[in-house]
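Before any comments, here is the structure.
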Amino acid sequence: MKVNPHISGAVRKFAYWFAHGTLGHPLLDGIDYLDETLREESSFAEMAFAIFMNNLDLDGAGNVTNYKFCEQRAAQYIRAYFDPGYTVRPPFEPWELELYSECEKP
């Protein structure tokens, strides 16, 4: 079984915006999260991707139904990471912050 093209497209789009420093416009405008912090403290990027994926909803055909919401939640995390005065609303639920290990075949 392969990943649905809609999921693949959503992850590709999120990675593209992230890598270009344009994720979460306008929430992250003026926040340079791609500076040396990414190399030295890359756990924030790992968590941003986890939040994006943990929030992803699909319809019965496997199409992503909430891309912008997922991008927004990840952007909120990045904003809070770099701006201690920013408050995430609503606060993150524990399941949004879950880091799953990679799946391996037995």
Side-chain angles (χ1 to χ4, degrees):
M1 177 187 277
K2 294 199 181 267
V3 172
N4 178 304
H6 296 279
I7 297 170
S8 180
V11 173
R12 179 208 49 81
K13 183 177 180 180
F14 180 78
Y16 177 86
W17 294 128
F18 182 90
H20 282 86
T22 55
L23 187 72
H25 173 73
L27 183 62
L28 296 179
D29 288 355
I31 296 178
D32 184 11
Y33 59 86
L34 294 179
D35 66 3
E36 67 276 351
T37 305
L38 183 56
R39 278 179 261 146
E40 296 175 13
E41 301 176 34
S42 58
S43 62
F44 87 89
E46 177 185 28
M47 184 57 71
F49 273 81
I51 290 167
F52 175 81
M53 293 300 297
N54 291 344
N55 276 287
L56 212 57
D57 285 333
L58 310 174
D59 65 14
N63 301 316
V64 174
T65 61
N66 66 338
Y67 174 85
K68 288 305 288 180
F69 176 78
C70 297
E71 180 183 338
Q72 177 70 13
R73 291 301 275 169
Q76 287 178 303
Y77 176 81
I78 295 170
R79 173 74 184 264
Y81 187 90
F82 286 93
D83 178 2
Y86 176 76
T87 302
V88 175
R89 298 218 196 292
F92 289 112
E93 297 288 337
W95 61 265
E96 290 180 279
L97 305 173
E98 187 70 34
L99 295 172
Y100 297 99
S101 62
E102 62 185 87
C103 298
E104 296 180 15
K105 287 185 175 184

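In this chain, residues are counted from 1 in sequence order. From a predicted model like this one, the values you see are computed outputs, not experimental measurements.
- Annotation: the span from D32 atom CG to L38 atom CG amounts to 10.0 Å, rounded to 0.5 Å.
- The six-membered or imidazole ring of F49 lies near that of F14, with a centre-to-centre distance under 6.0 Å.
- The same ILVMFWY cluster, assembled from side-chain heavy atoms under 4.5 Å apart, contains both V11 and L99.
- Contact between V88 and A80 at its shortest, heavy atoms only, is CG2-CB, 3.8 Å.
- For the residue pair A48 and A74, the shortest heavy atom distance occurs at O-CB, 3.5 Å.
- Between V64 and A10, the shortest heavy-atom contact is CG2-CB, 3.8 Å.
- Between the Y33 side chain and the F18 main chain, a donor and an acceptor come within less than 3.5 Å of each other.
- Applying the salt bridge (Lys or Arg N to Asp or Glu O under 4.0 Å) test to pairs two or more places apart or on separate chains, none has a residue in residues 4-29.
- Applying the salt bridge (Lys or Arg N to Asp or Glu O under 4.0 Å) rule to pairs touching residues 60-72 yields K68-E71, sequence neighbours excluded.
- Residues forming a ring pair (Phe, Tyr, Trp, His ring centres under 6.0 Å) with H20 (at least two apart in sequence, or on another chain): Y16.
- Contact of the M47 side chain with the Y81 side chain is not registered, since no non-hydrogen atoms from C-beta on lie closer than 4.5 Å.
- Q72 pairs by the side-chain contact (heavy atoms from CB on, under 4.5 Å) definition with L27, Q76, not counting sequence neighbours.
- A75 and G24 make their closest contact through CB-CA, 3.7 Å (heavy atoms, listed as atom of the first residue, atom of the second, distance).
- The structure places NE2 of H6 at 10.5 Å from OG of S8, a figure rounded to the nearest 0.5 Å.
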Show your reasoning for whether side-chain contact (heavy atoms from CB on, under 4.5 Å) applies to H25 and W17.
CA-CA 10 Å; H25 173 73; W17 294 128; over 6 Å; no
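- Nearest heavy-atom pair across T87 and R89 is CG2-NH1, 3.0 Å.
- By the side-chain contact (heavy atoms from CB on, under 4.5 Å) test, I31 pairs with L28, R79, F82, sequence neighbours left out.
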Side chains of residues 50-59: which donor-acceptor partners sit under 3.5 Å, not counting sequence neighbours?
from	atom 1	to	atom 2	distance (Å)
N54	ND2	A50	O	3.3
N54	ND2	W95	O	3.3
N54	ND2	E96	O	3.1
N54	ND2	E98	O	2.9
N55	ND2	I51	O	3.0
N55	ND2	E96	OE2	3.0
D57	OD2	N66	ND2	3.4
D59	OD1	A61	N	2.9
D59	OD1	G62	N	3.1
D59	OD1	N63	N	2.9
D59	OD2	N63	ND2	3.3

